[in-house]
Amino acid sequence: MNMIDELPLFAELTSEQKALIAEGIRVQQFPRSAVLITQGDLSDSLFVVLSGRLKVYILGVNGREILLDFLDPPSAFGELSLLDGQPRSASVMTVEPCRLAILPRQHFLDCLEKHPEIAIVLLKTLVQRSRGLVERIGDLALLDVYGRISNILLARASKETEADYPTLTITHQELANLVGASREMITRILNDLKKGGFISIENRKITVLNALPKRW
């Protein structure tokens, strides 16, 4: 089996198209805390997460980190640079050892010349990412801190596991950065949810045990 067959990003491609793309892909291991992309860089490769976890973030004018997202298998990132070759819009760092498939822009463009329809796969991914950003902006604008926490726990925990009780692996500080609140506020809300029997917390893992209350 071709390695690319395991990458959902390319699942809709034909065997010929997959083989063509696979010729330019390399797989690389990265340690924890490795910065793969820095905001403003001119790197132009597409990355697909095979194992491990990464975070996407930007730095404010005061140097404060604003966490945008976490990336788990089989997430992809760097799609925009495949198309426009412009500087990266955010930074990406590993939060645990990772194994990534890397596709250089030039090879991707060569593939498009032979099979223009491959672009449709990338466009679908970009549309999904755009929808997620719109939802995130809506949450930040319309929901209070508890509402944003609740949405993240339910949405991201469900994606991370298919168990009966969805579990999200995240620190209090990471969650605080995601929802734009203080760590103290996050800890207070999570402790209340834990006391109420709605969640359990163990070794950075937050497990949703019951339907979360509508308000805190």
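Any value given below was found using the heavy atoms of this structure, including those in side chains, with hydrogens, waters and symmetry copies removed.
Between the side chain of S91 and the main chain of Q39, a donor-acceptor pair closer than 3.5 Å is present. For the pair T94 (side chain) and A34 (backbone), a donor-acceptor distance under 3.5 Å is present. In this structure a side-chain-to-backbone donor-acceptor pair under 3.5 Å is missing from Y57 to M93. Listed for the R88 side chain is no donor-acceptor partner under 3.5 Å among the backbone atoms of I37.
Heavy-atom minimum distance, V95 versus R32: O-NE, 3.4 Å. Across all non-hydrogen atoms, the minimal contact from S45 to P104 is OG-CA, 3.7 Å. When all heavy atoms are compared, the tightest approach of G52 to E96 is CA-OE2, 3.4 Å. When every heavy atom of I201 is checked against every heavy atom of H172, the shortest pair comes out as CD1-NE2, 4.4 Å. Closest non-hydrogen pair, L68 versus A90, comes out as CD1-CB, 4.1 Å. L20 approaches C111 most closely through the heavy-atom pair CG-SG, 3.7 Å.
At a threshold of 4.5 Å between non-hydrogen side-chain atoms, the residues I186 and I149 count as touching.
Once rounded to the nearest 0.5 Å, the distance linking CZ of R188 with CG of L193 reads 12.5 Å.
Salt bridge annotation for E174-R53: absent, with no cationic side-chain nitrogen under 4.0 angstrom from a carboxylate oxygen.
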